[in-house]
Amino acid sequence: MKFKVLIADPIENDCIKKLKTFAEVKTLSDKNKLKEEIRDADVVIVRSATKITKEILEEAKNLKIIARAGVGVDNIDLNEATRRGILVINAPDASSVSVAEHTIGLMIALARNLIHANNSLKEKRWEKKKLKGIELRGKTLGIIGLGRIGSQVAKRAKAFDMKVIAYDPFVSENYARKLGVKLVDLKTLLKESDFVSIHVPLTDKTRNMITKRELLLMKKTSFLINCARGGIVNERDLYEILKEKRIAGAALDVFEKEPPFDSPLLELDNVIVTPHIGGNTVEAQKSACMIVCEDIERILNGRPPRNSVNFPTIDKEILERLKYVIPLAEKVGVFIHRITDAEIKKIEVFVNEDVEEEDLKIITNAILKGYLSNIISTGVNILNARVLALNRGMEIIEGRKELRFNGMHTILVRFMEHELIVGCHYEEQRILGFDGYSFNMPFEKNILIVKIEDRPGMIGKVTTFLGNNNINIAYLQVSRKKKIDEQMMIIITDQEVSRSLLEDLKKISGIKHARFSRL
Ligand code: NAD
């Protein structure tokens with residue numbers, strides 16, 4: 001019997017032909033009939049239009065694979081699919097070249113005033129003198145995020161004889177060197193670049209990565225390009241900076257709210273905008289489609305997926321055994337990402353002596369998944385996280401120790417100069433230690449870690465500061481070590497502590513260090 005594939009959004013004929021070689025293919029007859037027609041499908045293929053919601057999945061009793069012929073999976077209820085053991089696959093690399101080419105296109109359009117030139121001539125104005133451009137040759141391009149797209153942009157910029165520098169704390173010097181790119185810190189990149197191009201994923205850490213403060217570091221003659229995601233650049237700040245002509249211009253393919261019809265940025269002359277079309281090419285669409293079709297064939301033949309977004313292929317028994325530990329481990333990964341500023345080169349993971357080898361591997365993978373999901377834009381799952389980490393040059397050490405605290409499943413992790421101990425008892429997750437200081441408090445929400453001098457008044461200074469800034473404290477613990485005149489406070493707050501607030505907190509005398517993590 002052939003597998004049944006339902007095509008819910010339009011895909012290329014070549015892909016349909018390919019699917020027909022191994023499956024029975026049906027195209028959705030009417031988008032209102034999805035609920036009905038998905039009932040006997042083994043596989044459903046979508047682009048971004050069709051929404052695979054919980055309601056739809058309730059009907060899809062036979063469904064084994066949801067294939068997204070593209071990158072983002074926002075239109076799929078991932079949690080529900082995972083809970084039901086349905087594999088979700090996508091094609092994360094399909095549009096990299098298209099987005100890179102669009103970025104270069106925008107860069108040339110900015111350098112040569114192409115949009116203005118086109119518009120003014122069509123309005124019967126011959127503005128030859130006014131429209132003097134600049135060459136790309138010899139200019140510095142600063143790439144923020146040297147991943148799949150950033151690297152393709154770098155290669156192309158080199159062909160224009162540009163000097164390429166990049167800020168990406170998560171890639172190695174060696175990788176950058178091979179691309180002919182020099183790695184620098186963000187400040188240097190902003191100060192030195194003639195064009196700054198953003199290619200990081202949108203995460204808690206990159207949201208508002210570029211605000212007024214960063215834009216003011218740029219040269220008055222430089223340009224900003226964002227073909228990544230809206231929200232990475234603070235649009236209100238960008239508007240002010242462009243209006244005051246503090247930078248020469250910007251090109252935006254993505255916006256905080258799409259479509260951005262209400263955005264005042266659309267009114268500015270020194271902004272070029274496109275409607276999120278970076279990856280919108282014939283080739284990218286076709287290749288996304290082919291990539292998922294090939295993956296569907298592999299999976300239906302019993303082989304592991306190339307690009308799975310979730311992880312229902314782990315043994316059900318292990319998943320059941322670790323059902324409270326895996327979410328804790330993933331959270332540990334997120335926590336590590338939030339409190340470190342550069343890629344961790346080495347991670348040590350310890351669990352209790354009686355934990356099976358197989359379970360230890362899954363726990364480590366879950367930590368790596370939590371960590372890498374915030375660094376790599378898509379496609380990290382509990383199965384491929386280890387390979388991805390090893391590919392990035394990370395050293396992974398795993399072991400067992402006598403750890404159990406009050407009967408809890410306990411995980412001890414070392415990364416950079418830190419040591420974190422957490423534990424869980426069913427769904428209750430606790431933080432038990434950090435950098436040698438002991439605690440026992442919830443591992444949740446907003447975690448503020450402050451190191452203070454061990455002297456009267458310090459705790460009050462911190463709590464008053466938080467109170468004055470409308471940050472409510474949910475839990476607070478203070479811990480001290482013998483013979484050290486420092487204490488550590490862990491404070492769980494109801495509100496997020498912003499980057500600038502954290503900087504202000506660090507300025508208070510007697511505060512040695514402060515870190516914040518939102519889980
Ligand atoms: P990727 O995961 O391959 O690369 C992202 C890079 O950013 C990684 O090298 C990572 O190390 C780096 N990074 C992560 N956090 C960082 C931080 N805080 N500071 C500096 N660097 C950081 O992703 P990609 O496929 O190259 O996609 C890049 C962006 O392009 C994403 O935002 C994606 O959503 C977007 N995108 C846009 C379109 C479009 O149509 N405009 C299409 C596809 C992708």
Side-chain angles (χ1 to χ4, degrees), residues 47-48 68-74 90-106 142-155 165-173 175-176 179 181 183-190 196-210 214 225-233 251-256 258 273-281 283-285 287-288 291 307 309 334 336-345 371-380 384-385 388-389 391-394 499:
R47 286 205 186 271
S48 55
R68 158 76 168 104
V71 188
V73 286
D74 327 0
N90 68 343
D93 204 18
S95 59
S96 303
V97 168
S98 299
V99 183
E101 288 184 1
H102 193 66
T103 306
I104 299 287
L106 291 174
I143 295 178
I144 304 180
L146 197 60
R148 287 181 289 243
I149 297 172
S151 303
Q152 295 291 349
V153 172
K155 271 193 208 165
I165 57 178
Y167 166 65
D168 189 330
F170 308 106
V171 301
S172 68
E173 290 278 352
Y175 176 78
L179 281 170
V181 175
L183 289 179
V184 295
D185 59 43
L186 183 58
K187 215 171 172 179
T188 309
L189 180 140
L190 294 163
V196 172
S197 192
I198 300 170
H199 301 286
V200 290
L202 177 64
T203 66
D204 268 4
K205 236 181 182 171
T206 59
R207 188 178 295 280
N208 283 322
M209 184 180 196
I210 304 297
E214 286 73 31
I225 303 167
N226 186 7
C227 283
R229 279 286 177 270
I232 299 169
V233 181
L252 308 170
D253 184 46
V254 288
F255 303 87
E256 276 167 16
E258 293 180 0
V273 289
T274 51
H276 202 145
I277 52 167
N280 195 11
T281 62
E283 290 81 0
Q285 291 210 352
S287 126
I291 289 172
N307 300 302
V309 180
V334 175
I336 296 173
H337 173 260
R338 300 279 193 266
I339 70 155
T340 49
D341 297 321
E343 175 147 23
I344 58 166
K345 299 272 177 274
Y371 178 69
L372 287 177
S373 305
N374 286 286
I375 292 176
I376 302 172
S377 60
T378 46
V380 187
N384 67 9
L388 290 173
N391 282 349
R392 296 176 78 87
M394 199 190 288
R499 235 184 327 162

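Note that ligands are numbered from 1 as they come in the structure, with each ligand's atoms numbered from 1 the same way.
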Side chain to side chain contact (heavy atoms under 4.5 Å, CB included) with Phe255: which of Asn226, Val233, Val273?
-> Val273

Under 3.5 Å, N or O to N or O, is Ser96 touching ligand 1 that way?
-> no

Can you list the ligand 1 atoms lying under 4.0 Å from a non-hydrogen atom of Met209?
-> 19 (N), 20 (C)

Can you find an N or O of Asp168 that's nearer than 3.5 Å to an N or O of ligand 1?
-> yes

Proximal ligand 1 atoms for Pro169, defined as those under 4.0 Å from one of its heavy atoms | 19 (N), 20 (C), 21 (N)

The option among Val200, Ile375, Leu202 carrying the non-hydrogen atom nearest to atom 32 (O) of ligand 1 is Val200

Applying a 4.0 Å heavy-atom criterion (strictly less than), which segment of Ile376 is in contact with ligand 1: side chain, backbone, both, or neither?
-> both

First locate atom CG of Leu189, then atom OG of Ser197, and finally report the distance between them rounded to the nearest 0.5 Å.
-> 10.0 Å

Between the side chain of Tyr371 and the main-chain N/O of Ile344, is any donor-acceptor distance below 3.5 Å?
-> yes

Arg229: numbered ligand 1 atoms lying under 4.0 Å from its heavy atoms = 32 (O), 34 (O), 36 (N), 37 (C)

To atom 18 (N) of ligand 1, the nearest of Leu186, Asp204, Thr206 on a heavy-atom basis is Thr206

Polar-atom distance check: Ser95 versus ligand 1, any N or O pair below 3.5 Å?
-> no

Less than 4.5 Å apart, any side-chain heavy atom of Leu146 and any of His199?
-> no

Numbered atoms and elements of ligand 1 in range of Asp253, under 4.0 angstrom, heavy atoms | 39 (C), 40 (O), 41 (N)

Could you establish whether His102 and ligand 1 come within less than 4.0 Å of each other, counting only heavy atoms on the residue side?
-> no

Would one find an N or O of Ile144, backbone or side chain, under 3.5 Å from an N or O of ligand 1?
-> no

Between Arg68 and Ser48, is a side-chain contact (heavy atoms from CB on, under 4.5 Å) present by the stated rule, with each step listed?
-> CA-CA 8 Å; Arg68 158 76 168 104; Ser48 55; 3.9 Å; yes

Just going by heavy-atom distances, which of Gly278, Ala166, Cys227 is nearest to atom 37 (C) of ligand 1?
-> Cys227

Lys187, NZ atom: more than 12 neighbouring heavy atoms under 6.0 Å = no

Less than 3.5 Å between some nitrogen or oxygen of Gly279 and one of ligand 1, yes or no?
-> yes

Pro201 backbone acceptor or donor facing Thr206 side chain under 3.5 Å | yes

Of all the heavy atoms in Arg392, does at least one lie under 4.0 Å from an atom in ligand 1?
-> yes

Quick one: are Thr188 and Ile165 in side-chain contact, heavy atoms under 4.5 Å?
-> no

Interfacing atoms of ligand 1 (cut-off 4.0 Å, heavy-atom, Leu146) = 9 (O)

Looking at side-chain heavy atoms only, is the closest gap between Cys227 and Ile149 below 4.5 Å?
-> no

Report yes or no: does Arg499 contribute a side-chain atom to a donor-acceptor pair with the main-chain N or O of Asn208 at less than 3.5 Å?
-> yes

Polar contact flag for Gly150 and ligand 1 (N/O pairs, less than 3.5 Å) | no

Can you tell if the side chain of Ile375 reaches within under 4.5 Å of the side chain of Arg392, non-hydrogen atoms only?
-> yes

Is there a nitrogen or oxygen of Ile277 sitting under 3.5 Å from a nitrogen or oxygen of ligand 1?
-> no

Report yes or no: does a heavy atom of Val71 sit under 4.0 Å from some atom of ligand 1?
-> no

What are the two closest non-hydrogen atoms of Lys155 and Leu179, and how far apart are they?
-> CG-CD2, 4.0 Å

For Pro201, the ligand 1 atoms whose distance to one of its heavy atoms is below 4.0 Å | 5 (C), 7 (O), 14 (C), 31 (C), 32 (O)

State the atoms of ligand 1, each with its element, that fall below the 4.0 Å cut-off from a heavy-atom position in His276.
-> 39 (C), 40 (O), 41 (N)

If only atom types and distance count, is the side chain of Asn374 paired as donor or acceptor with the main-chain N or O of His337 below 3.5 Å?
-> no

Is there any N or O on Lys205 that sits under 3.5 Å from an N or O of ligand 1?
-> no

